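Shown next, in structure tokens, is the structure this report addresses.
To find a chain, count down the sequence lines: A is the first, B the second, and so on, and within it residues start at 1. Computed from a prediction, not measured in an experiment: that's the story for all the values here. When reading the values below, keep in mind they use all heavy atoms of this one structure, side chains included, and skip hydrogens, waters and symmetry mates.
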Amino acid sequence: MMDAWDDYSEKVMDHYENPRNVGIVEKANGTGVVGNPACGDVMKLTIRVENDIIVDAKFKTFGCGAAIATSSMVTEMVKGKSLADALEISNRGVMEALGGLPKVKRHCSVLAEEALKAAIADYEKNRRDISPAA
Amino acid sequence: MNLIYMDHHATTPLDAEVLAAMMPALTSEYGNPSSNTHAYGHAARYMVDSARAQVAQLVGAPRPDDIIFTSGATEADNLALKGIAHAKDYMPARNIVTLAIEHKAVLDAARRLQKENVEIRFAAIDPYGVVDLDDLAAKIDKNTILISIQTANSEIGTIQPIREIGVIAKKHGVPFHTDAVQALGRYEIDVMRDHIDMLSISAHKMYGPKGIGALYVRRGLKLTPIIDGGGHERNMRSGTLNVPGIVGLGKAAEIAKRDLKSESERLLKLRNRLEDGILRRIEHVRINGHPTNRLPNNLNVAFAYVEGESLILACRGVALSSGSACTSTSLQSSYVLKAINVPDFLAHGSLRFGLGKSNSEEHVDIVLDLLEKGVRRLREMSPLYDMAKEGVSIESAHFSRHARGK
């Protein structure tokens, strides 16, 4: 018998069932909130950056199984990465790391990429705001 | 894995009694009911006539001949709307009065007719989906050729005041069509008592086979066929009759009538067990549809701050459907929930439970456990739940931007 689970790879289901890094990073210095409840998904990504390295990342997501799994995967992928390397992460990369997504769910991986970019932009903005102008 | 099937609005399993009744027509009795020169044809004609009588009895049709067999309720709805519109195409102006929450077979047929200059008017509905009878009456004028209002809604289960609608239709001399697909076998309906001129029937929603349905057409009502050919079915639907399907529909109708009272009472108890359990065990939920005038097997619930598809995943092993965009290929949330003003974020978190013959109290209890656990887990990771706890209004909250272009 088939059910909704059959649409997803084992890796997606693992990240849906056992999501990594759920929550809010303590002393986060970058936050990205993207999506829209009216569209059925909202992701909040918080990061802690030290010396241009993302030392911690956590997420909270309202969304479908694919949205939760991509959120979880992106937090795993960015931890330990430099900001420059983190910005290289694309929705395609997140999707590939999850062993692919059903066609109608591919837009969910865009959410994770956008949340990451928004969190990094927020960090950059916070840094600019607190450091004196050169 | 043992699946619990709770999606009986979508379809129902074939009843063993129905299959048994169909077997002769699928094997030895293969005649064409139109062949009147030999016994094969006569036997097939006899089977079709018996089935026609069974279907007529289910809906209270005075004559078996009032039943026109079709390929299903989608065709029956199309025949009702287009058949009337085309039969009245001599009129300079025509309009059809219907509801925004009708089945797509009615709405899309109506949309097609708009291109032929038939005006479509939507009667107002209340937040439960019940038609506003005063507005309905106000929408009718001398150019109204049809009122098409479903008996009960397939998503939210709301039952319409069919008899009152029938009275209004009769008073204005306008034919009244109702898609009764979801109601048959679960709610008593009688075309004479309720002043119904046309009624759509589907076999597979009442434990019959797929690919067969019927339209009750009151005698004297003129329809232009949408399928031309050999002039079958009183010239209203050509095509060699689907004898096994028709026999199956007949048997399913007989059982639906026989078990109506006992089964709808049993379903109501189960549904109330599910509803009460959800309301007692899970916070921040809202029932979509009418609190009482609702099909006994239907429950549509919005679980705030969680998304429907992820909650369906949490109910692994249970076959359910959702108003969420993420479970539809179109990525649009339910138009029915939208039409009754359920906010989008709640529509995305809505599940539809459709109980049926195979379901037991044990099933309901398993589903309640899964829901309670699933909702708790998903809310723990929901940013909307955090916002709600902080008192932020979700509908007015500002988000950086739409993640998708829709």
Side-chain angles (χ1 to χ4, degrees), chain A residues 1-8 12-13 16-24 31-46 58-72 91 102-115 117-119 121-122, chain B residues 1-5 7 304-333 338 343-349 377-388 393-406:
Chain A
M1 284 286 203
M2 303 272 288
D3 64 15
W5 286 57
D6 299 305
D7 287 345
Y8 290 129
V12 173
M13 289 322 302
Y16 163 79
E17 278 222 294
N18 311 293
R20 281 60 147 180
N21 311 308
V22 175
I24 310 281
T31 300
V33 184
V34 296
N36 189 315
C39 294
D41 49 21
V42 175
M43 178 176 176
K44 179 175 184 172
L45 180 69
T46 48
K58 286 190 170 159
F59 81 93
K60 285 230 164 178
T61 291
F62 159 79
C64 64
I68 290 169
T70 49
S71 303
S72 165
N91 66 310
K103 214 172 174 181
V104 296
K105 298 291 182 183
R106 287 188 190 160
H107 64 267
C108 299
S109 58
V110 177
L111 191 73
E113 182 191 325
E114 289 189 345
K117 298 215 155 110
D122 182 56
Chain B
M1 189 201 321
N2 270 333
L3 269 182
I4 296 176
Y5 188 77
D7 200 13
Y305 322 122
V306 304
E307 193 279 334
E309 192 240 33
S310 58
L311 186 54
I312 285 179
L313 290 173
C315 297
R316 188 174 197 177
V318 186
L320 286 173
S321 82
S322 166
S324 154
C326 261
T327 56
S328 79
T329 45
S330 64
L331 295 177
Q332 298 293 314
S333 61
K338 258 193 184 74
D344 273 328
F345 86 98
L346 284 179
H348 286 294
R377 191 174 88 82
L378 292 168
R379 280 184 183 159
E380 274 165 15
M381 64 173 104
S382 168
L384 300 189
Y385 191 48
D386 290 343
M387 289 167 54
S393 159
I394 286 161
E395 279 176 87
S396 60
H398 176 75
F399 296 91
S400 58
R401 68 192 181 97
H402 285 242
R404 315 174 199 159
K406 69 177 182 75

Margin query: Between A:E17 and B:R316, does any side-chain N to carboxylate O distance fall below 4.0 Å?
Written below: no
Notebook entry, point to check: At their closest point, which heavy atom of B:S310 faces which heavy atom of A:G65, and how far apart are they?
Noted result: CB-N, 3.9 Å
Note to self: Test your reading of the model: is there a side-chain donor-acceptor pair from A:K60 to the backbone of B:E380, 3.5 Å cut-off?
What the structure shows: yes
Note to self: Can you tell me how far apart SG (A:C108) and CD (B:E309) are? Round to the nearest 0.5 Å.
What the structure shows: 7.5 Å
Checklist line | Nearest-0.5 Å distance that lies between atom CD in B:E307 and atom CD1 in A:I68 | finding: 8.0 Å
Checklist line | Verdict with reasoning, A:V42 to B:F345, per side chain to side chain contact (heavy atoms under 4.5 Å, CB included) | finding: CA-CA 10 Å; A:V42 175; B:F345 86 98; over 6 Å; no
Checklist line | Donor-acceptor pair, side chain of B:S382 and main chain of A:F62, under 3.5 angstrom | finding: no
Checklist line | Segment of B:Y385 engaging chain A (4.5 angstrom heavy-atom cut-off) | finding: neither
Check: Looking at A:C39 and B:H348, what are the two nearest heavy atoms and their distance?
Finding: C-NE2, 3.4 Å
Next item on the list: Working to the nearest 0.5 Å, report the span between OH of A:Y16 and CG of B:L378.
Entry: 4.5 Å
